[in-house]
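Numbering of residues begins at 1 and proceeds along the displayed sequence. What you are looking at is a predicted structure, and each value in this text was computed from that prediction instead of being measured.
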Amino acid sequence: MANPALLDLLGYPDLGTLQLGSTVRFYVDAAERDQWRAQLEQDGTISGFQTRLFRHDGSIIWVEDTARVVRDRDGRALYYEGALKDVT
């Protein structure tokens with residue numbers, strides 16, 4: 001899911017277009033995505049993580065990510081929720 005602010009930040013016209021394909025495609029460096037995920041899985045939260053993302057038009061922005069993992073009763077990750085801030 002994504003709110004209108006995220007669509008605007010990444011330059012997508014609608015949620016359906018944003019949801020096409022994997023989230024890995026947003027990252028300029030896939031290793032940064034792996035680092036983000038590993039830290040989030042280990043700590044349960046992440047704050048101030050800076051990374052570069054591709055916008056829908058192919059331009060690149062720097063964002064600061066704050067997120068948390070939401071788990072079920074057995075500790076399995078259900079989803080991630082958070083916020084991105086443009087720090088370009």
Chemist: Which residue pairs pass the salt bridge (charged side-chain N to carboxylate O under 4.0 Å, His left out) test with at least one member in residues 74-88, sequence neighbours excluded?
Modeler: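 Salt bridge (charged side-chain N to carboxylate O under 4.0 Å, His left out) check on residues 74-88 returns R68-E81, D72-R76, D74-R76.
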Chemist: Output the rest of the hydrophobic cluster of I60: all Ile, Leu, Val, Met, Phe, Trp and Tyr residues reachable through side-chain heavy-atom contacts under 4.5 Å, sorted by chain and number.
Modeler: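 Members besides I60, by chain and number: V28, F54.
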Chemist: What residues form a side-chain contact (heavy atoms from CB on, under 4.5 Å) with D34, not counting sequence neighbours?
Modeler: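 For D34 there are no side-chain contact (heavy atoms from CB on, under 4.5 Å) partners, ignoring immediate neighbours.
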Chemist: The criterion is salt bridge (charged side-chain N to carboxylate O under 4.0 Å, His left out); which residues satisfy it with R52, sequence neighbours excluded?
Modeler: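 Result, salt bridge (charged side-chain N to carboxylate O under 4.0 Å, His left out) vs R52: E32.
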Chemist: Can you name the residues that form a side-chain contact (heavy atoms from CB on, under 4.5 Å) with N3, not counting sequence neighbours?
Modeler: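 Per chain and number, N3 pairs via side-chain contact (heavy atoms from CB on, under 4.5 Å) with A5, L6.
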Chemist: How far apart are the closest heavy atoms of L18 and A2, and which atoms are they?
Modeler: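 Minimum heavy-atom separation between L18 and A2: CD2-CB, 3.5 Å.
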Chemist: Going from CG on L20 to CZ on R25, what distance comes out if it is rounded to the nearest 0.5 angstrom?
Modeler: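 Result: 6.5 Å between the selected atoms.
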Chemist: Identify, with sequence neighbours excluded, every residue that meets side-chain hydrogen bond (donor to acceptor under 3.5 Å, both in side chains) alongside T17.
Modeler: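 Checked T17 against side-chain hydrogen bond (donor to acceptor under 3.5 Å, both in side chains); matches are D14.
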Chemist: Carefully, step by step, assess L9 and L53 under the rule side-chain contact (heavy atoms from CB on, under 4.5 Å).
Modeler: CA-CA 10 Å; L9 177 73; L53 298 179; 5.7 Å; no
Chemist: Among residues at least two apart in sequence or on other chains, which ones pass side-chain contact (heavy atoms from CB on, under 4.5 Å) with A77?
Modeler: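 side-chain contact (heavy atoms from CB on, under 4.5 Å) list for A77, sorted by chain: E41, V69, R71.
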Chemist: Is any side-chain heavy atom of L10 closer than 4.5 Å to a side-chain heavy atom of I61?
Modeler: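 Result yes, sub-4.5 Å side-chain heavy-atom pair found.
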Chemist: Can you list every ring pair (Phe, Tyr, Trp, His ring centres under 6.0 Å) pair that touches residues 56-80, not counting sequence neighbours?
Modeler: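 Ring pair (Phe, Tyr, Trp, His ring centres under 6.0 Å) check on residues 56-80 returns Y12-H56, W36-Y80.
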Chemist: How far apart are the closest heavy atoms of A67 and L40, and which atoms are they?
Modeler: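 Distance-wise, the nearest heavy atoms are O-CD1, 3.7 Å.
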Chemist: Could you give the side-chain donor-acceptor pairs of residues 43-50 under 3.5 Å, partners two or more places apart or in another chain?
Modeler:
unit_1 : atom_1 : unit_2 : atom_2 : d
Q50    : NE2    : E64    : OE1    : 3.3

Chemist: Excluding sequence neighbours, so at least two apart, what forms side-chain hydrogen bond (donor to acceptor under 3.5 Å, both in side chains) with T23?
Modeler: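 T23 satisfies side-chain hydrogen bond (donor to acceptor under 3.5 Å, both in side chains) with R33 only.
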